[in-house]
A.B. asks: 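Before I ask anything, here is the structure I am working with.
Numbering of ligands and ligand atoms starts at 1, following listing order. Numbering of residues begins at 1 and proceeds along the displayed sequence.
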Amino acid sequence: MLDLSRERRRMVDVHLSRRGIHDREILEAMREVPREAFVDPGYEEFAYEDGPLPIAEDQTISQPYIVAFMLEMAQVNPGDQVLEVGTGSGYAAAVISRIVDHVYTIERHAGLAETARRRFEKLGYRNIKVRTGDGTKGWPEAAPFDAIIVAASGPGAPLALQQQLDVGGRLIIPVGEDPEEQRLLKVTRTGASTYSEEDFGAVRFVPLIGEEGWREDDRIRTGRAPSHLPTRSLPQMIGAAVEPLPEIDDPAFAEAFDRFAERRLVLLGEASHGTSEFYRARAAITRRLIEKHGFAIVAVEADWPDAAAIDRYVRHRRHSPAAVRPFQRFPAWMWRNTEVAAFVDWLRNHNQRVRPSKHRAGFYGLDIYNMSGSIAAVLDYLDRVDPEAAAIARQRYGCLTPWQKEPSTYGRAALSSGYRECEEAVLKQCRDMLARQIEHAGKDGAELFDAAQNARLIASAERYYRVMYYGGSQSWNLRDTHMFETLQHILDARGPNARAVVWAHNSHIGERALHRDGNLAG
Ligand code: SAM
């Protein structure tokens, strides 16, 4: 079971303290309020990631950091009377209630207000009053307020709210006409009719709908800016950025990508994992980069041992029949399709003419999932070159044997039975393989590189499946890191002038590789 109170403490430490939230009362309150009680069922495990989450009525529970940031801007103190506009899930009001004496919170959706009220009751938070209505008008009977926090973005700071501030009171509100980005404003009442303003930077909130906010038909649900603003729709923006290309089979299509000929990495991202047209287009661009511009690496979002079978085929290397046929894992259609088969055959034919053979273009897998295939490949290699080392490796990987078929269950088991043993064993084996690589540098090249890469994959996969059990972004980052490092190893192995085309989902090629080389096509 995920220990949510531990996750909560971690969230406060990592996402709040370390990012500059210093107010002790706020940090303490956020350590106390169980955010999981304010998210919709099914989202509990994400409650302590620092992001907004969807709630009913197309609304969101705010990101913890922004809740803390707004409270710090508002300088909320024990003894204060605070108004919140936009109750939503009730989470922010609950946090405020742990710091101040009285909280008033207004929500325009009756269903959300009622759910929040029940949550407060259940948790025994008795100093919060909830009302359904238009919060841009404030709560005049309870005014003046020491602080007013508005959790939705309006065209400006509503006058009614400014007037309900006590002198010295602070109003925090996101304002701005762009639905994608607003400014976080702090308005301080300095006298009976004087106010000062500060800007605390860019934020993004759902719209404030009401008399002194936006009209409902201005942009809610459509996500469009109000009608008096100049708008550019998504199709218009795409239309302005794209460039017409000839048909895929027309040679001029691939030639259009000659502009990337000098790049070290060309990243061909995709979003669907499979339209025929995209696969054909990607293959045409890649053929051109290989044939005319000397690219010799095709690195794809496939598992290493599976792609290695293709690599042996396209580079005319010794075939080593794997225990399991490659590309059996879901989504099998991603690689087992006619477009990929045609590309693979083309690459094999192309490579036949390439001399010396070490310059032949290879096909590599960056992904992490086929742990059992990788174990089989390491053992197969060692059986051939060093049976004694194979026996040791067999013993070490034996630890993972029960989970090889269903590695996703390993994480759960590792929790109860301890994983140190498996972790140590696979790391030792990985180190041995890397030491062997150094020792045999120059000999056994591609085969030893393949085996070492498999040993790396097993070590990453052991960690991945363990971390995956906790859910969240850590396992995702681990997988992306493994893919990025694998690409680096391939580039290193193929020499200083090696250049690669990467075929992967947009979510993987977006950040890391871009940051490194800054070359993106597609
Ligand atoms: N503070 C909330 C929490 O912790 O879950 C998050 C609030 S959500 C980002 C913004 C909320 O403001 C939505 O629930 C929306 O329905 C509400 N809202 C928008 N306009 C409003 C208005 N004029 N009066 C009251 N609530 C409003």
Side-chain angles (χ1 to χ4, degrees), residues 11 26 29-30 33-40 43-44 46-48 50-71 73-74 76 82-99 103-120 123 125 128-140 142 147-161 164 171-176 179 182 184 203-221 223 226:
M11 184 267 286
I26 297 171
M30 295 195 66
V33 178
R35 192 167 184 253
E36 68 272 19
F38 291 86
V39 299
D40 284 2
Y43 284 95
E44 293 86 347
F46 306 112
Y48 296 108
D50 187 40
L53 291 169
I55 58 173
E57 305 289 355
D58 267 353
Q59 300 301 321
T60 53
I61 170 171
S62 305
Q63 174 194 10
Y65 175 77
I66 196 76
V67 171
F69 185 66
M70 287 172 93
L71 294 183
M73 293 305 100
V76 287
V82 175
L83 171 67
E84 186 206 24
V85 175
T87 316
S89 70
Y91 174 69
V95 172
I96 303 169
S97 80
R98 302 303 84 201
I99 304 168
V103 182
Y104 295 80
T105 178
I106 311 177
E107 170 56 53
R108 64 187 287 268
H109 291 291
L112 291 177
E114 185 45 39
T115 309
R117 188 178 290 120
R118 268 188 269 120
R119 287 172 175 157
F120 302 145
L123 289 164
Y125 295 174
I128 312 173
K129 289 200 168 63
V130 189
R131 165 186 278 187
T132 304
D134 175 5
T136 66
K137 297 185 201 158
W139 194 314
I148 301 178
I149 315 257
V150 185
S153 65
L159 211 57
L161 296 183
Q164 288 175 33
L171 163 66
I172 309 293
I173 180 171
V175 298
Q182 305 95 35
L184 190 62
V203 285
R204 185 178 178 183
F205 274 82
V206 296
L208 178 72
I209 309 291
E211 204 167 291
E212 286 200 58
W214 303 105
R215 286 197 319 263
E216 182 141 19
D217 56 0
D218 265 345
R219 62 176 185 176
I220 197 168
R221 292 186 212 292

A.B. asks: Find out whether Y91 and M30 are in side-chain contact, i.e. whether some heavy atom of one side chain is under 4.5 Å from a heavy atom of the other.
C.D. replies: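 Yes - at least one pair of side-chain heavy atoms lies under 4.5 Å apart.
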A.B. asks: Parallel under 30°, tilted from 30 to 60°, perpendicular over 60°: which one fits the rings of W139 and Y104?
C.D. replies: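 Rings of W139 and Y104: perpendicular, over 60°.
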A.B. asks: Around atom CD of E211, are there more than 12 heavy atoms from other residues, nucleotides or ligands closer than 6.0 Å?
C.D. replies: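 Open.
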A.B. asks: Hey, could you give me the CZ/CD1 distance between R215 and I209, rounded to the nearest 0.5 Å?
C.D. replies: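 It comes to 10.5 Å.
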A.B. asks: From Q182 CD over to L208 CG, what is the distance, rounded to the nearest 0.5 angstrom?
C.D. replies: 10.5 Å
A.B. asks: Does Y125 have R98 sitting over its ring (NZ/CZ under 6.0 Å from centre, angle to axis within 45°)?
C.D. replies: yes
A.B. asks: List by chain and number: which residues place a heavy atom under 4.0 Å from ligand 1?
C.D. replies: Q59, T60, I61, S62, E84, V85, G86, T87, G88, S89, G90, Y91, A92, I106, E107, R108, H109, L112, G133, D134, G135, T136, A151, A152, V206, P207, L208, I209
